[in-house]
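Only this structure's heavy atoms are used, side chains among them; waters, hydrogens and symmetry mates stay out. Lettering follows sequence order; numbering is per chain, from 1. All values derive from a computational prediction rather than experimental measurement.
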Amino acid sequence: MPIRLHDSLTRTPRELKPAQPDGIFRFYNCGPTVYAPAHIGNFRTFVVNDVIRRLLELEFGPDKVKHVRNLTDVDDKTIKRARDEGRPLSDVTKQWTDKFHADCAALNCLPPHVEPAATTHIKEQVDMIDVLMQKGNAYRAADGSVYFKVSSFGDYGALSRVKERELQVGSALKATAADADEKEDVSDFALWKAHKPDDGANAWDSPWGRGRPGWHIECSAMSKKHLGDTIDLHTGGVDLLFPHHENEIAQSQCCNGTTFAHHWYHSEHLLVDGKKMSKSLGNMYPLDEIVAKGFSPMALRYALLMGHPRKQLSFTLDSMHAAESALNKIRGYAKDLCKLRNLTFEETFTKSPTLPLIPQVLGSVLKDFLGRISDDINTPAAFGILFSGIERNWKWIGDHADDPTSWVQNQKEFQTSIDELRLMLFVLGLNLNTPTTLEVERPSAITALAEKRWAAKLAKDFAGADALRKELTAAGWSMLDRKDGYSLEPLKK
RNA sequence: GGCGCGGUCGCCAAGUGGUAAGGCCGAGCUCUGCAAAAGCUCUAUCGGCGGUUCGAUUCCGCCCCGCGCCUCCA
């Protein structure tokens, strides 16, 4: 099913397809700056991009998609962090790169095929700057920094529709006045930053003296190296649209003399308490904080996909509760299907399906689902289809509970439902068979209380049992009875 | 000031020129020592005012409110 995706440049939905004759779809996604844990807003973008990646694999084949996502491991923030903590830059970036990888894995994001880092692509960046200098698109300032000359690129501003930055912003630009002193024009941006004392040991040699690359050039250089001069899709969060992506276009097209990206896609922000996350508001949640409140990473993934990726999404703890419950509903359905087919849930849903597995004959639910999600990644609409399908099938199952003969007759249909569900979950990247709660150490006192209550219950001392359950609740634990035993879990906050 | 997005049930959130998916929560029912879990059932006329139309939540205009970008930022 063709994938249509909104293109930020033409501001219209366009079909995705590989432009090169080799049929490889070239996909570049701006990655994180590794100086601190990524927050859930960052992960919204990465999760959405992961869904795009999965859809691309489904459409073109797993070996026909090349997904590159960079790591920004040298910039003001990473350097400051290293300086503040008195350790080498690479130490800091290694720590947070590892953390980022662990979080992505917990969120079931497929790793990109290439994950280039800025510091290991200095030469590529210098080479590009060199070409820009030769072509007259860049100039060296008195302090040794090199700037891109925005006025040399006539198409500048096509993406953001900002004809050159508005000069009347006043306050905002005054803040960077010190930097602007060296530039010929406030709109110009740094390609190479001359070494400053604050940079410490983090400097590389270049034809223009020691220094470090500017932020924008890294993506242009790494994209060129790993995907070539022209790529099929370039993505990132909306805040990168200007100036980052605008600058990338300017650098790459001036350097390479050809179209940089055929398609641009930007996902919107996650809002917490109605506002964008920021340090000053103190509403930047890393994954760990969500997990510490008792929620599963998979529920976070679900919550991040609850809204249309190109619309701001309000995030609250309520949405985590909703996500956890919704996920549970899907899980219950999956388990019922497995029972009907006499399969074990763990084996059937443990792994994401291996592509290609798309059934030749699509069921109507899967067809509708793929139709919605392939139409500009409409995840909320896709969830709607998914749940409507579940409800229909579940009702059928309920209506035929007393009719085992019908089960035997419908084995094929059950299997289709399982296959459909597995494929939908693959696209969404939802793995049902992950821990639903945090692995918390259970204090022995709590275990003792629970055992005591269970004994009281078996002895039909219901008053005593109820009192003991109240004690457990007060201690922050939830004890639920089943026929053959009980479950004991920490309450979610 | 420039550019852009949005206001749909208590919360989150799709969608359509002909009277509104889904999830969560809530209520009722079934089940059940209780509670829970689970399943079933039920719950909206789409920010305001005009206009176009046989008919608008969906198109146009104005207004009100909210958010984002323009500075490092997913």
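The side chain of Phe387(A) has rG22(B) as its nearest neighbour among rA74(B), rG33(B), rG22(B). Picking from rA74(B), rC24(B), rG68(B) the nucleotide with the shortest atom distance to the side chain of Ala322(A) gives rC24(B). Closest to the side chain of His269(A), from the set rA74(B), rC40(B), rC24(B), is rA74(B). When each of rA14(B), rC24(B), rC67(B) is scored by its nearest atom to the side-chain atoms of Arg372(A), the top-ranked nucleotide is rA14(B). Side-chain proximity of Ser325(A) to the nucleotides rA74(B), rC25(B), rG23(B) is greatest for rC25(B). Side-chain proximity of Ser388(A) to rA38(B), rA14(B), rA21(B): nearest is rA21(B). When distances are taken from the side chain of Trp394(A) to each of rA74(B), rC67(B), rC40(B), the shortest belongs to rC40(B).
Note: Phe260(A) and Trp264(A) have tilted aromatic rings, judged against thresholds of 30 and 60 degrees for the angle between ring planes. Between His321(A) and Phe295(A), the angle of the ring planes goes over 60°, which puts this pair in the perpendicular group of the 30/60° scheme. By the 30° and 60° cut-offs, the orientation of the rings of Phe148(A) relative to Phe189(A) is parallel.
What separates CD1 of Ile390(A) from C1' of rC40(B) is a distance of 16 Å, to the nearest Å. At whole-Å resolution of the value, CG in Leu480(A) and C1' in rG33(B) are 16 Å apart. Between the CZ atom of Arg331(A) and the P atom of rA38(B) there is a distance of 11 Å, rounded to whole Å. Distance OH (Tyr156(A)) to P (rC3(B)): 17 Å, rounded to an integer number of Å. When rounded to the nearest whole Å, the span between CZ of Arg469(A) and C1' of rU32(B) equals 12 Å. Remark: P of rU71(B) and CG of Asp239(A) are 13 Å apart, rounded to the nearest angstrom. Atom CG of Asp76(A) and atom P of rU71(B) are 16 Å apart (whole Å). Rounded to an integer number of Å, the gap from Glu324(A) CD to rA36(B) C1' is 17 Å.
Donor-acceptor pairing under 3.5 Å, judged by distance alone, is present between the side chain of Asp481(A) and the base of rC34(B). Taking only distance into account, the side chain of Arg44(A) never meets the base of rA74(B) through a donor-acceptor pair shorter than 3.5 Å.
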Base-contact (B) and sugar-phosphate-only (S) positions in nucleotides 5-12 of chain B, heavy-atom cut-off under 4.0 Å, - elsewhere: -SS----S

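Checking the phosphate oxygens (OP1, OP2) of rC67(B), no side-chain nitrogen or oxygen of Lys276(A) falls inside 4.0 Å. For the OP1/OP2 pair of rG23(B) and a distance below 4.0 Å, the side-chain nitrogens and oxygens of Lys329(A) include at least one atom meeting the criterion.
Residues Thr316(A) and Asp318(A) have side chains that never bring a donor and an acceptor to within less than 3.5 angstrom of each other. In the model, Asp75(A) has no side-chain atom that pairs as donor or acceptor with a side-chain atom of Thr72(A) under 3.5 Å. Glu115(A) and His101(A) form a side-chain donor-acceptor contact under 3.5 Å, judged by distance and modelled atom types alone.
Looking at residues 373-383 of chain A, you'll see Asn378(A), Pro380(A), Ala381(A), Phe383(A) sit with a heavy atom under 4.0 Å from some atom of RNA chain B.
If you check rU43(B) for Watson-Crick or wobble pairing at under 3.5 angstrom, you find it has no partner at all. Applying the Watson-Crick and G-U wobble criteria (two distances, each under 3.5 Å), rG33(B) pairs with nothing in any strand. The pairing partner recorded for rA21(B) is none, the criterion being a Watson-Crick or G-U wobble arrangement whose two distances lie under 3.5 angstrom. For rU52(B), there is no paired base (Watson-Crick or G-U wobble, both distances below 3.5 Å).
Put simply, the side chain of Ser151(A) does not reach to within 4.5 Å of the side chain of Tyr156(A), judged on heavy atoms.
rG33(B) has Phe462(A) stacked on its base ring, the centres lying under 5.5 angstrom apart and the planes within 30 degrees of parallel.
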Verify side-chain contact (heavy atoms from CB on, under 4.5 Å) between Asp198(A) and Asp76(A), making sure each step is shown before the conclusion. CA-CA 9 Å; Asp198(A) 275 354; Asp76(A) 292 348; over 6 Å; no

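The CG atom of Leu16(A) sits 10.0 Å away from the CZ atom of Arg4(A) when rounded to the nearest 0.5 Å.
Of the two residues contacting RNA chain B, namely Pro309(A) and Gly398(A), the nearest-nucleotide position lying further toward the 5' end is that of Pro309(A).
Between Glu85(A) and Arg81(A), at least one side-chain N (NZ, or NE/NH1/NH2) sits under 4.0 Å from a carboxylate O, which counts as a salt bridge.
A side chain to side chain contact (heavy atoms under 4.5 Å, CB included) with Val238(A) is found for exactly one of His266(A), Arg310(A), His245(A), Gln312(A), namely His266(A).
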